[in-house]
> 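Input: one structure, supplied below.
Reckoned from all heavy atoms, side chains included, excluding hydrogens, waters and symmetry mates. Counting starts at 1 for both ligands and their atoms, in listed order.
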Amino acid sequence: MTTRTDAAGNLIGRYEGQAPGAPALLIGSHLDSVRNAGRYDGTLGVMLGIEVVAHLAAQGERLPFAIEVIGFGDEEGSRFPTSMLTSRAVAGTLDALPLDTVDASGTTLHDVLRQNGLDPARYLEAAYRPEQVVAYLEAHIEQGPVLETAGLGVGVVTAIAAQYRFKVSIQGVAGHAGTMPMSLRKDALAAAAQAMVAIERIGANGPPDLVATVGQLHVGPGASNVVPGQTTFSLDIRAGTAQVRDQATTRICEALQNIADERGVDLSIELQNDLPATPCNPALTACLAASVTRITGQAAHHLVSGAGHDAMVMAALTPVCMLFLRCHQGISHNPAEAVRHDDAHTAFLVMLDFIRAFATTTAHKPTEFSA
Ligand SMILES: [Zn+2]
């Protein structure tokens, strides 16, 4: 492959097709991680793309389309309150960069880009035109227990769940832990604790694909002898459809407002991320499922992804499909994350089969393709 780093910092390898400059099948996932992460989340999908191209190159096999393997960054939103900035840049859905947003140390995104040799003013030039690509394929660990429970090495994703990420702030009144009577307190942390229990209850009482999580909590002033005056916490809500997610969100917002009213504290809920549900392309998904059946000898298992992936962003640019790999006990975002070698090999064979099958269809010819 010829390799380059694009204007958004993505690492891209290109393997030409039968004719140079042909539109590309994109195979990608992300190279960034959460803190204290595992080895496979994101990275495995990039490595599988590289392995597939290595195999084709070793055979001298060229396809009617080019293949580009993309290693995205900022999929997880670990450093800044953003996510999928670099795939959004590639998909052309990023209108402007939040350059003034800061990380935990107060460094702006602008400065971080500069420090890493990128020109913030040119970031959006990473965008592809739709006619440059034919489809997007992403392989990723499931990050859940469904495939392992079913005794399957791989599965085919039908859709990626709709997701909201909020920043919730509660303003109470700080006071002396020794002298402020209980009856007069406006304890922001106690209010947050009550809010979290309500969030968990509403999440648990919904359909199985609904999940609601508080994963970050900051307490101010944060001293053992001070009644907490201020808390902020994250709120993540996901479901297979926007309707389920939005109904749960409405219930949670009402519950939090009631808690704030009862306790006489101020509440603000700020939307930070709104990712709609993304259906994978039905024709590509059927093609991928057929490859799974040919390689494994079993009918493909279909599942919804509760986790967000670059594929959901790339769907704005081109038809997408996703292959999931079994991961041990569904553990992810954890150093214990583990994938079986034979499953990785199965995924490799499925991807190779899919690419060859896709090459025999007319679907990769943009003029004849309807998403
Ligand atoms: Zn991932």
> May I have the angle between His140 NE2 and His30 NE2 with its vertex at the Zn ion (ligand 1), rounded to 10°?
110°
> Would Arg294 pass as a cation-pi partner of Phe354, given that its NZ or CZ must be under 6.0 Å from the six-membered ring centre and within 45 degrees of the axis?
no
> Hey, could you give me the CG/CE distance between Leu26 and Met314, rounded to the nearest 0.5 Å?
5.0 Å
> Is any N, O or S atom of His309 under 2.8 Å away from the Zn ion (ligand 1)?
no
> Looking at Asp41, pick out the N, O or S atom nearest to the Zn ion (ligand 1) and give its name.
OD1
> Does the structure place the NZ or CZ of Arg238 under 6.0 Å from the centre of the six-membered ring of Tyr164, at an angle of no more than 45° from the ring's axis?
no
> Check the pair Phe348 / His55 against ring-ring contact (aromatic ring centres under 6.0 Å, His included), numbers first and verdict last.
CA-CA 10 Å; Phe348 162 79; His55 183 83; 5.7 Å; yes
